[in-house]
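Have a look at the structure below before the remarks.
All values below were derived from every heavy atom in this structure, side-chain atoms included, with hydrogens, water molecules and symmetry-related copies excluded. To find a chain, count down the sequence lines: A is the first, B the second, and so on, and within it residues start at 1.
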2 protein chains.
Amino acid sequence: MTSTEGVGALFDRWQQRRLEPSQCPVRDVLDRLGDKWTSLIVVALAARDHRFAALHRAIPDISKRMLTQTLRDLERDGLVSRHVFPTTPPSVEYRLTPLGHSMLDPLGALVAWAESRHSEIRTARAVFDQRAA
Amino acid sequence: MTSTEGVGALFDRWQQRRLEPSQCPVRDVLDRLGDKWTSLIVVALAARDHRFAALHRAIPDISKRMLTQTLRDLERDGLVSRHVFPTTPPSVEYRLTPLGHSMLDPLGALVAWAESRHSEIRTARAVFDQRAA
DNA sequence: CTGTATCCCCGATGATACTG
DNA sequence: CAGTATCATCGGGGATACAG
């Protein structure tokens, strides 16, 4: 069974079970990955553990507010762990948990798809916009 | 090289190239997948071609407005094709394009991850919320 | 049946200032 | 350094009515 058949079959199972959106694993996961910063933070932490300021330098266009909030959400979901060192000034290190690491394979598959197909998508957009104009 | 190393290495390449967000394939793709309805529509169309009303029945909690808009976005990106049959009343069928089908494998990987890890995530949340309270 | 056009609201995000 | 608190903004998305 290919993944294509798998996704289609999944749809039919969903239809039969009439899942509540709040109980749908896919919405749960994609709602988080889909927000503006989660995937970037996960990718950064995949490369290496980061302290708060280092993460901020790695992703310059995020605000401290959203960096904190996104990290808390990831921590809450068990994807990231937070390690406080009571130095002065304080330092806090963020790491992917094993659960977080386990997401890298499927995320990597999507990233690879995105990179390999991006030019095709951009071309399709240009054509569509041309015809619309 | 595992996908994990791949994602980490990707991060370093991104850092060196200092990509504009608008040119980042991953943001492009995840912004679309991350919206409220795209993934559900793609999964539905993976199972089979759908007419507008059938798609609406398959995903009852979407409004006609957002269904139309999301389908247009998918069409613009070349992931979905639109086929009009000039019957009365009119009927329109939506299908995944080959490009759209090519996304099902990586999307399926993510869906499989989400389903297999969802209980772990829910448990982590419960623990986190308990400690916070 | 397959959409468009409007209006409206709320939540996600940013900016800025402050704190241990 | 690593956040928190507060206010302002903007656009995604719902509801409704209309149209070809």
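Checked against C:dT13, C:dG3, D:dG14, the side chain of B:W37 finds its nearest nucleotide in D:dG14. Of the listed nucleotides (C:dA17, D:dC1, C:dC1), C:dA17 has the atom at the smallest distance from the side chain of A:K64. Side-chain proximity of B:Y94 to C:dC1, C:dG3, D:dC1: nearest is C:dG3. For B:M66, counting side-chain heavy atoms from C-beta on, the closest listed nucleotide (D:dG13, C:dT13, C:dG3) is D:dG13.
Protein atom CD of A:Q69 is 11 Å distant from nucleotide atom C1' of C:dG11, rounded to whole Å. Remark: P of D:dG12 and CD1 of B:I62 are 15 Å apart, rounded to the nearest angstrom. Between A:L55 atom CG and D:dG3 atom P there is a gap of 10 Å when expressed in whole angstrom units. Between A:E93 atom CD and D:dG3 atom P there is a gap of 12 Å when expressed in whole angstrom units. Distance CG (B:L33) to C1' (D:dG12): 17 Å, rounded to an integer number of Å. At whole-Å resolution of the value, CG in B:D31 and C1' in D:dG12 are 13 Å apart. The distance between atom NZ of A:K36 and atom C1' of D:dC10, rounded to the nearest whole Å, is 11 Å. Spacing between atom CZ of A:R27 and atom P of D:dG13 amounts to 11 Å, rounded to whole angstrom units.
Not one N or O on the side chain of B:W37 forms a donor-acceptor pair closer than 3.5 Å with the backbone of B:L67.
Note on ring orientation: taking the six-membered ring where Trp is involved, the planes of B:F52 and B:Y94 are tilted (angle from 30° to 60°).
At the phosphate of D:dT6, neither OP1 nor OP2 sits under 4.0 Å from any side-chain N or O atom of A:R65. Between C:dT2 and B:R72, no contact under 4.0 Å exists linking OP1 or OP2 to a side-chain N or O.
The structure places CG of A:L74 at 8.5 Å from CG of A:L96, a figure rounded to the nearest 0.5 Å.
Using a 4.0 Å heavy-atom cutoff across all strands shown, A:F85 reaches no nucleic acid atom at all.
Ranked by how close their nearest DNA chain C nucleotide is to the 5' end, A:P89 and B:S91 are led by B:S91.
No side-chain heavy atom of A:V43 sits less than 4.5 Å from a side-chain heavy atom of B:V26. Put simply, the side chain of A:L79 does not reach to within 4.5 Å of the side chain of A:V42, judged on heavy atoms.
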